[in-house]
2 protein chains.
Amino acid sequence: MENLIELFGISDDLVPQKFKKGHILQSQGDVNSNAYLVKNGLLRSYTIDQKGKEHVFMFAPEDWIISDIESQEFHHPAELYIECLEDSELIILNRKHLASVELNSQQYQQRLNKLSRRIAVLQRRMIGMMSSTAQERYEEFLVYYPNLVGRISQRMIASYLGITPEALSKIRGQIAKNS
Amino acid sequence: MENLIELFGISDDLVPQKFKKGHILQSQGDVNSNAYLVKNGLLRSYTIDQKGKEHVFMFAPEDWIISDIESQEFHHPAELYIECLEDSELIILNRKHLASVELNSQQYQQRLNKLSRRIAVLQRRMIGMMSSTAQERYEEFLVYYPNLVGRISQRMIASYLGITPEALSKIRGQIAKNS
DNA sequence: GGAAATTATTAATCCAGATTAAGAAATTAA
DNA sequence: TTAATTTCTTAATCTGGATTAATAATTTCC
């Protein structure tokens with residue numbers, strides 16, 4: 001985790017911890033939410049809406065950081081559940097680590113860069129959601145995350161795309177037929 | 001613009017410039033995109049998709065900053081148009097201002113905070129897009145941006161919500177009837 | 001002020017994707 | 001290994017919001 005030090009200016013007491021597949025790291029409503037850096041394995045964040053339906057917000061494979069930013073930065077109750085989709089080794093970054101450390105300019109620039117990238121991804125996803133059909137969004141997902149596809153159930157990919165598993169299944173059938 | 005200095009560590013050569021309603025500050029495909037701080041007036045950013053349809057990405061009233069982050073930070077061609085919806089006075093922040101200035105720790109923290117807030121907003125909007133009906137999203141918009149509602153055409157609110165003006169008109173009729 | 005252009009509304013029809021249902025395949029657990 | 005659970009697929013039906021169209025209300029601009 002060499003560049004973790006660069007990024008967060010911390011090194012001690014950041015031993016990766018192991019969690020089993022299915023483990024829920026944090027739940028909707030939690031007030032002390034963390035960020036999780038995935039050393040290996042795979043996480044997802046998701047909400048459950050008023051109607052009881054689950055919506056995947058993002059996936060985090062190796063070297064990604066996942067958190068509920070609103071909760072973490074602004075101390076709001078978490079909107080998002082965070083769950084292990086595979087047995088995972090994680091470095092848990094709590095508010096103490098992320099907020100109270102003096103960083104140098106380069107470290108700050110790197111953090112700004114990370115956040116900017118996240119915004120860019122969300123911007124692209126938002127626009128796709130408004131302007132593309134479900135099939136177009138699925139095909140884009142395949143291009144952007146080719147190495148994730150085999151590790152994630154169709155059900156969850158559908159949820160990430162904002163459609164039902166049935167709709168995704170139909171799209172996949174369609175694509176298979178036309179090729 | 002006192003806190004602009006705090007935020008960006010700059011003060012000179014940042015005289016607000018005036019633009020007329022309807023002026024397009026930057027277009028899809030532009031490579032030298034800026035950020036715009038709205039001193040007064042109102043801007044919007046939007047894309048035009050392959051099918052030629054417009055989608056409003058965000059509005060920026062007084063004291064907001066608007067930009068195509070992906071373009072600005074990562075030098076990609078802009079996805080977003082940025083347009084004046086009212087006569088506006090703007091401070092234009094180019095890459096030079098935003099990137100090359102040495103900031104102190106507090107200034108960096110403030111920038112990180114701004115970006116985090118943007119992510120939080122996008123997260124909430126994304127989740128709303130996936131889990132709420134058009135009517136629910138409209139009602140949430142009314143709550144979150146009560147002071148914008150009167151200044152923006154229905155057409156653009158509809159576009160921001162990801163629906164057609166006809167659909168929004170129907171929803172408004174519905175709401176008016178039930179009250 | 002008046003013509004032209006844009007915006008908002010209403011209504012009829014259409015369609016992408018939701019819902020419901022049920023069986024098949026794969027995974028998990030005992 | 002088998003039973004139980006979860007995931008995936010297929011198909012019929014339904015529905016929220018899109019599309020199309022036409023008219024009314026506003027705004028823009030000469």
Side-chain angles (χ1 to χ4, degrees), chain A residues 20-24 42 44 46 48-56 59 83-87 128-142 148-179, chain B residues 19-24 42 44 46 48-56 59 83-87 128-142 148-178:
Chain A
K20 285 276 173 202
K21 175 175 181 173
H23 183 80
I24 291 183
L42 179 63
R44 67 158 174 159
Y46 64 98
I48 296 179
D49 68 25
Q50 310 87 329
K51 300 146 207 159
K53 283 193 188 135
E54 227 179 82
H55 304 276
V56 171
F59 301 107
E83 181 196 9
C84 299
L85 294 182
E86 300 173 355
D87 293 353
M129 200 68 181
M130 294 198 296
S131 63
S132 306
T133 63
Q135 173 154 351
E136 289 164 344
R137 297 201 304 278
Y138 177 59
E139 284 168 345
E140 193 166 341
F141 182 84
L142 295 181
L148 275 187
V149 174
R151 293 165 73 180
I152 300 172
S153 67
Q154 300 306 319
R155 206 183 115 253
M156 286 188 189
I157 293 175
S159 174
Y160 177 86
L161 296 174
I163 59 177
T164 59
E166 292 85 351
L168 180 54
S169 185
K170 195 152 72 176
I171 286 166
R172 283 160 51 81
Q174 208 58 38
I175 290 172
K177 206 173 60 184
N178 302 340
S179 59
Chain B
F19 296 91
K20 285 275 173 204
K21 174 174 180 173
H23 183 81
I24 292 184
L42 179 62
R44 68 158 173 160
Y46 64 99
I48 297 179
D49 68 24
Q50 311 87 331
K51 299 146 207 159
K53 282 194 189 135
E54 228 179 80
H55 304 275
V56 171
F59 300 107
E83 182 196 8
C84 300
L85 294 182
E86 300 173 354
D87 292 353
M129 201 67 180
M130 295 198 296
S131 65
S132 304
T133 63
Q135 173 153 353
E136 288 163 345
R137 296 201 303 278
Y138 177 60
E139 283 169 343
E140 192 166 341
F141 182 85
L142 295 180
L148 277 188
V149 173
R151 294 165 72 182
I152 299 174
S153 65
Q154 301 306 321
R155 207 182 113 254
M156 287 189 190
I157 294 175
S159 174
Y160 178 87
L161 296 174
I163 60 177
T164 58
E166 292 85 352
L168 180 54
S169 186
K170 194 153 74 177
I171 286 166
R172 284 160 49 83
Q174 208 59 38
I175 290 172
K177 206 174 62 185
N178 303 338

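A, B, ... follow the sequence lines: proteins, then strands. Residue 1 opens every chain. Worth knowing before you read on, the calculation uses all heavy atoms, side chains too, and leaves out hydrogens, waters and symmetry mates.
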Colleague: Specify the separation, in whole Å, of atom CG of B/L85 and atom C1' of C/dT7.
Modeller: 14 Å
Colleague: What distance separates B/L168 CG from B/M156 CE, expressed to the nearest 0.5 Å?
Modeller: 13.5 Å
Colleague: Between A/H55 (NE2) and C/dA18 (P), how many Å, whole number?
Modeller: 11 Å
Colleague: C/dT6 P sits how many Å from B/E54 CD, rounded?
Modeller: 12 Å
Colleague: Polar atoms only, N or O, under 3.5 Å: list the protein pairs with nucleotides 10-17 of chain D and their distances.
Modeller:
{"residue": "D/dG17", "atom": "OP1", "partner": "B/A134", "partner atom": "N", "Å": "2.8"}

Colleague: How close or far is atom P of C/dA25 from atom CD of A/Q154, stated in whole angstroms?
Modeller: 16 Å
Colleague: Without hydrogens or angle criteria, can the side chains of A/Y160 and A/R44 be said to hold a donor-acceptor pair below 3.5 Å?
Modeller: no
Colleague: Considering non-hydrogen atoms only, spot the tightest contact between A/H55 and B/S131 and give its length.
Modeller: NE2-CB, 3.3 Å
Colleague: Just the rounded figure in Å: distance from C1' of C/dA18 to CE of B/M130.
Modeller: 16 Å
Colleague: If you compare all heavy atoms of B/I171 against all heavy atoms of B/A134, which two are closest, and at what distance to 0.1 Å?
Modeller: CD1-CB, 3.6 Å
Colleague: Can you tell me which residue among A/R151, A/K20, A/K21 is in a salt bridge (charged side-chain N to carboxylate O under 4.0 Å, His left out) with A/E86?
Modeller: A/R151
Colleague: Rounded to whole angstroms, how far apart are CD on B/E83 and C1' on C/dT6?
Modeller: 13 Å
Colleague: Heavy atoms only, 4.0 Å cut-off, all strands: where does A/K21 land among base, sugar-phosphate and nothing?
Modeller: sugar-phosphate
Colleague: Quick check for you: to the nearest 0.5 Å, what is the distance between A/Q154 atom CD and A/R172 atom CZ?
Modeller: 3.5 Å
Colleague: For B/L161 and B/R137, which heavy atoms make the closest approach, and how far apart are they?
Modeller: O-NH2, 2.8 Å
Colleague: Axis-to-axis angle across the helix from C/dG1-D/dC30 to C/dA30-D/dT1, five pairs an end, to 10 degrees?
Modeller: 60°
Colleague: Of all heavy-atom pairs between B/I157 and B/F59, which one has the smallest distance, and what is that distance?
Modeller: N-CZ, 4.5 Å
Colleague: Step by step, work out the side-chain contact (heavy atoms from CB on, under 4.5 Å) result for B/V56 and B/I152.
Modeller: CA-CA 12 Å; B/V56 171; B/I152 299 174; over 6 Å; no
Colleague: In whole angstrom, what separates A/E136's CD from C/dG17's C1'?
Modeller: 14 Å
Colleague: Of all the choices, C/dT7, C/dT9, C/dT19, which nucleotide is nearest to the side chain of B/R172 once you look at every atom?
Modeller: C/dT9
Colleague: How many Å lie between CZ on B/R155 and P on D/dA18, as a whole number?
Modeller: 15 Å
